[in-house]
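Please read the structure below before turning to the comments.
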Amino acid sequence: METKYNPTQIEAKWYEYWLQHKFFHSEPDEREPYTIVIPPPNVTGVLHMGHMLNNTIQDILVRRARQEGKNACWVPGTDHASIATEAKVVGKLAQQGIKKTDLTREQFLEHAWDWTREHGGIILKQLRKLGASCDWDRTGFTMDEIRSESVIKVFCDLYNKGLIYRGVRMVNWDPKALTALSDEEVIFKEHHGKLYYLRYKVEGEDRYAVVATTRPETIMGDTAMCINPNNPKTAWLHGKRVIVPLVNRVIPVIEDDYVDMEFGTGCLKVTPAHDVNDYMLGEKYNLPSIDIFNDNGTLSEKAGLYVGLDRFECREQIAKDLQSAGLMEKIEDYTNNVGFSERTNVPIEPKLSMQWFLRMEHLAKIALDPVINDDIRFYPIKYKNTYRHWLENIKDWCISRQLWWGHRIPAYYLPEGGYVVAETPEEALRLAIQKTGNTSLTADDLKQDSDCLDTWFSSWLWPISLFDGIRKPGNKEINYYYPTADLVTGPDIIFFWVARMIMAGYEYEGKMPFRNVYFTGIVRDKLGRKMSKSLGNSPDPLVLIEKFGADGVRMGMMLSAPAGNDILFDESLCEQGRNFNNKIWNCFRLVKGWQVADMQQPDECRQATDWFDAKLRQTSDEMQKLFKNYRLSEALMAIYKLFWDEFSSWYLEMIKPAYGQPVDALTYSRTLNFFDRLLRLLHPFMPFITEELWQNLEERKDGDTIMFQHIDNDALSAEDEQLLVHTEQLKQIIAGIRNIRQQREIPQKEALTLQIVGKPLTSGKELLTKLGNLDAIQYVEQKAPNAASFIAGVTEFAVPLDHFINVDEELQKLQAELKYQEGFLQSVMRKLGNERFVQNAKPEIVAMERKKLADAQSRIAALNESIATLKNN
RNA sequence: GGGCGAAUAGCGCAGUUGGUUCAGAGCAUCUGCCUUACAAGCAGAGGGUCGGGGGUUCGAAUCCCUCUUCGCCCACCA
């Protein structure tokens, strides 16, 4: 065996083995289910660091659940990602000189499916490299048959319940993707722009009313000016009419409290077609609405001026023209928030259009309480507030998108106007005939709505639709796997996805979709910046895996990923993970390299094995508690320290036979047993190396795997506790001896004598002798004059040295220690001298203080004696 | 503008109902070691007025008030 662990081949080998034996596959049975549905990544996406973190956590949870004897099922899949994918396909076609508008819907979809088949599922392949133990037989896609039918069924159901309606509303329009967006898809960013002060001539007078606006290009859509009726500064405009600059249209001055008297000039231009607030004013005062933009953000015929010009070019041009016309009072720098499209990153244009909406009142209501009451638990808990706030202020969900890649809205328009909503064209025809009484209607007469549904309208069904619970309610699978156990996702999609899954869960299953939600942090770089392509600070996960091994990378991710905190990723964390792998590897080499002899177990080995058995159970118990609270990083740290510090540095040194000597059979078998149990505890975090070593620890059969090996948690007895405390004391003494060696440059090979001043050791002599390399342990009343000493617990220990010791130095050390102890004693005495403390504090606290007092006193006595001894010589 | 959260060692963090020598572990740093499993290693060491100020209490990193600084979410001020 190599001295260094080489993961590449080993990882490939075991993943293949797991697949072959279908270890990841789950079928309903009598065991307790443990279900996770993957947050489906974009079908044409590639793995990034966020996925790495997220899926590592899911895999850890799933593997741990398997070891706990649950029927674990992790369902993978992908999302069709309507806008993102359509944009990619449009881009690719553009490269070939093909415009989307030149294609029919069917032709375009063919291209999209080609693209999906070509790139689809790459990301799932990449997940295998990470070790993800998904049930690949169950892989779903939001646009496959089951999921598509489920979406349509739900749409029809909600429509029939009156929760879906169609209407003209002001929506967020993406002029690049040419579609409406939901409020959640709009990201507000600070924008450094200008505030333009425009002069509107008052009709029939030679005066001007000045309006401050950030969007002078929208004046062609102005249909009123608005002032606050209580504003004395603008009162003179009451009842007047003004002339829109350049356009020369006469518009009324209206009055409404909405106008902020402090802002700008107190005059507001009202453009009902292109501003949400203006739209509301327009509705209120029955103003005409002039839509001056085309869908792509250029000026339309209706604008009358600048037709065909882009909205931002128009802004610059109109500013110049206004200036030359003397209609621009001034221009100021101004910073405000502008909404951008989440997907295309272009400024959103508020636009009036006909869209489909889902009423949210009822759904918000059923989704709120379960989270507030902790039926569904959020980790970390702080997201409960965010969730509540959103649900309490929710608005209707715009679910239609002017895209082709997605689930087409099942609404069919009738030749004579009106429409029907149905799951199939046949059913639509039946309904249409029923509705119109026109029996001569044919399918061709009906025109299906050309829009498709928001991607999230399919994602929100994911935990149900993966088990076909929408099409076949109450089927065996949905009954068994639903509700799922844990959802692992980012807080950025708490509204997009988490909240809506909860709504759908209660609406369609009457139950929560998951019991716990683990919100991961965002993976950032070392400097705290988000990882992005443009910054080039995002490492390629597959390159990392190649470099450090999947186990190493997994550990690197987990080392600093407490739930909800952003993680500052640094390659050095993976290095630490790789180093740990190597440590485990070398421990294995050591243990398996021993000769075993049929001989009596030496005392120190008996002590060591008894101790480590207790230590192992202690940590295992601790880990169980940490897992229960989703404190995975801490659970990993616990097993990391157990393996490295306790097992390798202490235990193996305790039992290690002298060079060339064999180990006794009992110690050997117990050590293999420990190794086995350690590997089990490690397995969820580092699946590959643990399988490799577990397979080689003992003779195994084909089909054996560490994946299903249970983790036992036997409680610690009082004796165990005692043993743990006692061994810690021994470790302290050994550290003291090592210190003396280090300070005086005494090699480990040179044996020393240990003097114990005062009370004798109850046990552990053999261990001390071995690890300290002692030739004798003496109990003395007074330490030797030439001894170096230290205190462990309340006892003084000394090591007589042949050579001259520096008395001054030794004295200084002891006196410093004495000073510290006396200071400590003072503080304890002050506390105990305080009557109110003794009266009010809990009795056990007071007792503890008394013990501290006594301990300090004995240490001080020992120190004084030690100092006296030194001085006398 | 509203809400939420955070501030503890050089760094990223833990610190459960206030009370053990409670001021912690990991990484980094420093010192000494190529000691026959591992230098991707071993053995040691240093390092913090718990953001500032005030208060409650016998006792505060922990509870209250206040200030400062960051982060996140929500919001229609042109």
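All values reported here derive from a predicted model rather than from experimental measurement. To find a chain, count down the sequence lines: A is the first, B the second, and so on, and within it residues start at 1.
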Spacing of the [atom1] atoms in [M] and [N] (rounded, Å):
{"N": "B:A9", "M": "B:C67", "atom1": "P", "result": "25 Å"}
{"N": "B:A28", "M": "B:G46", "atom1": "C1'", "result": "13 Å"}
{"N": "B:C74", "M": "B:C58", "atom1": "C1'", "result": "46 Å"}
{"N": "B:G2", "M": "B:C76", "atom1": "C1'", "result": "14 Å"}
{"N": "B:C30", "M": "B:U68", "atom1": "P", "result": "40 Å"}
{"N": "B:C42", "M": "B:C27", "atom1": "P", "result": "10 Å"}
{"N": "B:G19", "M": "B:G15", "atom1": "P", "result": "14 Å"}
{"N": "B:A61", "M": "B:G53", "atom1": "P", "result": "13 Å"}

So [X], base contact, sugar-phosphate only, or nothing? Heavy-atom distance under 4.0 Å.
{"X": "A:E653", "answer": "base"}
{"X": "A:V591", "answer": "nothing"}
{"X": "A:L568", "answer": "sugar-phosphate"}
{"X": "A:R215", "answer": "nothing"}

> B:A28 base to A:Q576 side chain: any donor-acceptor pair below 3.5 Å?
Replying inline: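 No pair found.
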
When you get a sec, tell me which of [options] is the closest nucleotide to the side chain of [X]?
{"X": "A:Y640", "options": "B:G44, B:A37, B:G26", "result": "B:G26"}
{"X": "A:F495", "options": "B:C77, B:C74, B:C58", "result": "B:C74"}
{"X": "A:R589", "options": "B:G19, B:A37, B:A78", "result": "B:A37"}
{"X": "A:K583", "options": "B:G41, B:C58, B:G15", "result": "B:G41"}
{"X": "A:T214", "options": "B:G41, B:C74, B:A78", "result": "B:A78"}
{"X": "A:N277", "options": "B:A78, B:G44, B:C76", "result": "B:C76"}
{"X": "A:R524", "options": "B:A39, B:C76, B:C72", "result": "B:C72"}
{"X": "A:T386", "options": "B:C73, B:A40, B:A37", "result": "B:C73"}
{"X": "A:R578", "options": "B:A40, B:C74, B:C42", "result": "B:A40"}
{"X": "A:N385", "options": "B:G5, B:A14, B:A45", "result": "B:G5"}

>> Can you give me the closest heavy-atom contact between A:W594 and A:K656, atom names plus distance?
In response: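 Looks like CZ2-CA, 4.0 Å.
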
Should [X] be listed as having a side-chain N or O under 4.0 Å from OP1 or OP2 of [N]?
{"X": "A:Y659", "N": "B:A37", "value": "no"}
{"X": "A:N579", "N": "B:G41", "value": "yes"}
{"X": "A:N739", "N": "B:A45", "value": "yes"}
{"X": "A:R741", "N": "B:U35", "value": "no"}
{"X": "A:K656", "N": "B:A37", "value": "yes"}
{"X": "A:K592", "N": "B:C38", "value": "no"}
{"X": "A:W390", "N": "B:G2", "value": "no"}
{"X": "A:S572", "N": "B:C27", "value": "no"}

> Between A:F685 and A:F627, what is the ring plane arrangement, given parallel below 30°, perpendicular above 60°, and tilted in between?
Replying inline: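 Taking A:F627 first and then A:F685, their aromatic rings sit tilted (interplane angle of 30° to 60°).
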
Nucleotide paired to [N] in any strand shown, Watson-Crick or G-U, under 3.5 Å:
{"N": "B:C30", "result": "B:G44"}
{"N": "B:G18", "result": "none"}
{"N": "B:G5", "result": "B:C70"}
{"N": "B:G24", "result": "B:C13"}

>> Testing A:D278, A:D222, A:D275 one by one against A:K269 for a salt bridge (Lys or Arg N to Asp or Glu O under 4.0 Å), which residue passes?
In response: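 The passing option is A:D222.
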
>> Do the side chains of A:D374 and A:K384 get close enough for a salt bridge, i.e. N-O under 4.0 angstrom?
In response: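 Yes.
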
> Between B:C72 atom P and A:K189 atom NZ, what is the distance in whole Å?
Replying inline: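 From A:K189 NZ to B:C72 P: 14 Å.
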
>> Which residue is it: A:Q857, A:K851, A:R859? I am looking for the one with a side-chain hydrogen bond (donor to acceptor under 3.5 Å, both in side chains) to A:D855.
In response: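 Single pass found, and it is A:K851.
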
> Hey, mind stepping through A:Y383 and A:F378 against ring-ring contact (aromatic ring centres under 6.0 Å, His included) and telling me if it holds?
Replying inline: CA-CA 7 Å; A:Y383 289 110; A:F378 282 6; 7.6 Å; no

>> I'd like to know whether the aromatic ring centres of A:F188 and A:F340 sit less than 6.0 Å apart in this structure.
In response: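 No, the ring centres sit 6.0 Å or more apart.
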
> Hey, do the aromatic rings of A:F495 and A:Y387 have their centres closer than 6.0 Å?
Replying inline: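 So the answer is no for these two rings.
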
